[in-house]
Structure formats: structure tokens, C-alpha cells
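Given the structure is predicted, the values throughout are model-derived calculations rather than measurements. Atoms within each ligand, like the ligands themselves, are counted from 1 in listed order.
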Amino acid sequence: MNKLCLLFSLLLVVAFGFVNGGKLEYDIDKSKEKIGIYELKNGNMSVKFTNWGATIMSLVIPDKHGKRGDIVLGYDTVKDYKNDTTFFGSVVGRVANRIGGARFSLNGAQYKLPKNDGNNTLHGGPKGFADVIWKVMKINNHSEDPTILFGYDSKDDENGFPGEIRVTVRYLLRSDNRLRVTMKARALKKATPVNLAQHTYWNLGNHDSGDILSEEIQLFASRFTPVDEHLIPTGVLSTVRGTPYDFLKPRTIGSRIRELGKGYDINYVIDGPDDPKKLKKTAIVKDKKSGRMMKVYTNQAGVQFYSGNLIKREKGKGGFIYKPHAGLCLETQGFPDALNHQNFPSQIISPGKPYKHKMLFKFLTAKDNKSDKSSRLAEIDFD
Ligand SMILES: *[C@@H]1O[C@H](CO)[C@@H](O)[C@H](O)[C@H]1NC(C)=O
Ligand SMILES: *[C@@H]1O[C@H](CO)[C@@H](O)[C@H](O)[C@H]1NC(C)=O
Ligand SMILES: *[C@@H]1O[C@H](CO)[C@@H](O)[C@H](O)[C@H]1NC(C)=O
Ligand SMILES: *[C@@H]1O[C@H](CO)[C@@H](O)[C@H](O)[C@H]1NC(C)=O
Ligand SMILES: *[C@@H]1O[C@H](CO)[C@@H](O)[C@H](O)[C@H]1NC(C)=O
């Protein structure tokens with residue numbers, strides 16, 4: 001009887017998935033791959049990840065009063081991530097953003113992709129990189145630079161994309177509340193498109209503080225890629241001047257959002273020369289109430305600014321209900337639908353031409369603003 005009870009409990013643990021100690025949280029059905037939750041800490045910053053979607057689950061840092069808070073939207077359990085449609089915290093791919101008409105051609109061949117956004121393909125299709133188990137290839141939270149490395153092998157014809165690729169995402173916590181993200185991809189046999197994006201929703205006032213409309217944003221982008229009614233770029237690069245898209249000077253996100261219907265969901269062309277080795281200043285977000293500030297740098301050509309328009313009463317951490325604009329995304333990436341626009345920078349990689357996407361987040365509070373040396377950070381090169 002006791003043995004039966006034990007067996008039954010074990011089965012329950014596997015089926016509903018949680019084990020004390022925080023490591024193994026959910027056991028994927030009929031697979032030996034484990035989904036876990038991993039935590040890295042450096043100074044006053046701690047970040048939780050899961051290998052489901054190579055996801056950032058939380059990022060906790062102090063506010064101006066020294067009070068710690070979580071500034072990332074998400075769920076309490078991995079099970080909830082498996083059923084989400086918001087892409088909370090995950091890495092999206094093989095091709096982030098929209099591919100118009102769910103098709104493209106490459107080297108004379110036509111490729112048809114599964115549609116998961118009207119007639120378009122969004123974030124790599126219905127089972128993209130946000131919805132797969134990544135391998136934890138390395139974790140080190142005992143060094144000066146705590147790091148976690150996730151890896152995923154995407155097969156030939158997976159979600160309709162040609163060619164096998166090997167992808168890695170490394171998260172690294174540096175001192176002074178800096179988070180470095182490096183996304184790499186290598187084509188093993190033939191050319192294929194790759195455009196990865198980190199899809200964390202930020203709310204600097206805490207994930208459960210309401211909306212981000214009073215937060216201030218500055219985007220170092222003089223141009224954007226206007227879209228049609230299905231959010232597919234027309235192919236034109238337009239100036240932001242004289243439009244509600246102009247954040248060259250810092251403004252609150254809510255200041256002109258009503259002129260845009262649902263809000264911001266648009267790709268900006270980041271100013272500065274396209275040098276894949278150099279990080280460009282991309283965005284600064286500030287929240288007056290908490291005194292928190294986030295600076296974003298990348299080596300990518302574009303950044304999708306999304307004001308969380310489509311969040312619909314999403315039940316998140318601690319039972320908090322996220323509503324539209326509960327968080328914002330700054331998805332650095334190539335331009336949307338570049339596969340169907342010759343004039344956009346190419347997203348085709350090949351065995352001799354790997355992909356490398358770098359991001360740097362720097363978190364500050366009003367208190368340590370005076371000693372901010374982050375203008376120099378843009379020059380830091382990293383592998
Ligand atoms: C370091 O990582 C291990 C494995 O994920 C985890 O059990 C432990 O809690 C972590 N330590 C800290 C200080 O986060
Ligand atoms: C951590 O936060 C405390 C309280 O705000 C502060 O006094 C301390 O300097 C911080 N330490 C680091 C390493 O940032
Ligand atoms: C999955 O999400 C849908 C809505 O997006 C919801 O109706 C359903 O109850 C969820 N399933 C689970 C098991 O949480
Ligand atoms: C998808 O394309 C078909 C055929 O052109 C059209 O009838 C339909 O309205 C489109 N659907 C959406 C959501 O745009
Ligand atoms: C940091 O300092 C700059 C320039 O002195 C100022 O514009 C900005 O508002 C400050 N940031 C915060 C979070 O207080």
C-alpha cells in the first residue's frame with residue numbers, strides 16, 4: 001500500500017511537475033529533456049531563466065529606496081509559459097517578427113511557411129524557438145560573471161525553414177547591474193534566414209505596478225519602417241519627425257499613444273553605422289516613481305518597440321492580471337519581413353557566414369545615476 005502511494009505521488013510529481021529546491025520544475029511529456037528554472041545573481045541583481053524558450057522569467061533589482069522588485073512580466077510556473085500567446089520573456093525565431101504572406105524565396109526556391117498571424121508567419125511560426133526546450137549547455141553562478149548558455153538545434157524544414165541550424169543564447173550578468181545577451185546561429189549545410197529577438201516585457205515600476213504609459217522612453221532612431229494594416233512593412237524608410245513615433249527626445253510612452261489606435265508595434269531603424277562588431281545606443285527607458293532606468297544597446301539594425309497592446313487580461317505572477325500596456329518590449333533585430341524586401345538588410349546566413357546578435361542592458365537608479373559611466377559601455381566589445 002505504501003509503495004503504491006509512493007508510486008502514485010511520484011507519478012503526480014511528474015505529471016504536474018514540481019520538485020522542491022527550484023531546479024527541476026516540470027517534466028516534459030514522454031521526453032527525457034527536463035525543463036528547469038535557473039537563477040543567476042550579481043550584486044543586487046538576480047535573474048531567473050527557464051530553458052523553455054530560453055526565457056527570462058524575472059529580473060529583480062532595487063528601486064531608488066533600495067527596495068527590490070521584479071521588473072519582468074511573466075508567470076509563476078513553466079507550465080503557464082507553455083500555454084502562453086504573449087511570448088513573455090522568450091527568445092523568438094528562427095525568424096522573429098512578421099513574414100508577409102507566410103512565404104519567401106531564396107536561391108530560386110519558394111518556401112511556404114505555416115500561418116499563425118492572419119496570413120502571415122509571426123516569430124518563426126506556431127512552434128517557434130519560444131515554444132521548444134533548449135539544452136542548458138553551461139551554467140555558472142559562482143564566478144564574477146555569472147552566466148547561462150542555452151542551445152537549440154533546429155532541423156531542416158522545421159516550421160518550413162530550409163536547412164539545419166545550431167543556435168545558442170548566452171545570458172551574462174556583469175557588475176553594475178548589467179545584463180549581456182549574445183544570440184548566435186550557425187547554418188550547418190545550406191543558406192537560411194535567421195533573425196532572433198529577445199522578447200522580454202519590461203515594466204520598470206515593477207511587473208505588477210499597472211501600465212508603462214507614464215514611463216519615459218528615448219529611442220535613438222530617426223527613421224522607422226511604416227506598415228500596412230496587417231503590420232507588414234511597406235518597404236519605405238520614413239522619418240519619425242512630425243509623427244507620434246518620434247522619441248528622439250525623451251517623452252512618456254502615453255504622450256501620443258492615442259493617435260495610434262492600439263499603440264506602438266513598430267520597427268525603428270537604429271541610428272549609426274551598421275558595424276556588427278559595435279554596439280549602438282538604442283533606447284533609454286525611465287520610470288520616475290521607482291527611479292529606475294534601463295539603457296539598451298545592440299549591434300542590430302532595428303528595434304521593434306511594442307507597447308504590449310495585445311495583452312488581454314493575462315493572469316501572471318502572483319495572480320496579477322496584466323492588461324494592455326502592462327509592459328513594453330524592445331526587441332532588437334533585423335527589419336520585419338526583410339525576406340520580401342530587397343532594400344532591407346539581408347537576414348540570410350550560410351555555413352561560412354554565421355549570425356551574431358549582441359544586446360546589453362544596463363539598469364540604473366536615480367541614486368547611482370551620477371556615477372554612470374555607461375556612455376563608455378557602448379564601446380565594449382564582447383564575444
Ligand atoms: C546557482 O545555480 C544552481 C543551479 O541552478 C542553483 O541551484 C543555485 O540556487 C544557484 N545559486 C544562486 C546563488 O543563485
Ligand atoms: C545593493 O543595494 C544596497 C541598498 O540599495 C546598496 O547600499 C548597495 O550599494 C548595493 N550594492 C551593489 C553591489 O550594488
Ligand atoms: C491555455 O490558454 C487558454 C487561453 O489562451 C485558456 O483558455 C486555457 O485554459 C489554458 N490552458 C491551461 C491548461 O492553462
Ligand atoms: C488571407 O488571404 C485571403 C486570400 O487572399 C483573404 O481572403 C483573407 O481575407 C486574408 N485573411 C486575413 C486575415 O487577412
Ligand atoms: C540621470 O541623469 C540625467 C542627466 O543628469 C538626467 O537627465 C536623468 O533624468 C537622470 N536619471 C534618473 C533615473 O534620475
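- Side-chain atoms of R94 and T192 form a donor-acceptor pair, as typed in the model, at a separation below 3.5 Å.
- Counting only heavy atoms, the protein gets under 4.0 Å from atom 14 (O) of ligand 4.
- Between T243 and D246, the side chains place no donor N or O within less than 3.5 Å of an acceptor N or O (distance only, hydrogens not considered).
- Of the protein's heavy atoms, none falls inside 4.0 Å of atom 5 (O) of ligand 4.
- Among protein heavy atoms, the minimum distance from atom 9 (O) of ligand 4 is reached at N119 ND2, 4.8 Å.
- Atom 11 (N) of ligand 4 is approached by the protein to below 4.0 angstrom, counting heavy atoms only.
- Ring centers of F88 and Y201: under 6.0 Å apart, within the cut-off.
- Of all atoms in ligand 4, numbered sequentially from 1 with element shown, those under 4.0 Å from a heavy atom of H230 are 14 (O).
- In terms of modelled atom types and a separation under 3.5 Å, the side chain of N309 and the main chain of Y264 share a donor-acceptor contact.
- Side chain of H325 to backbone of S307: a donor-acceptor contact under 3.5 angstrom is found.
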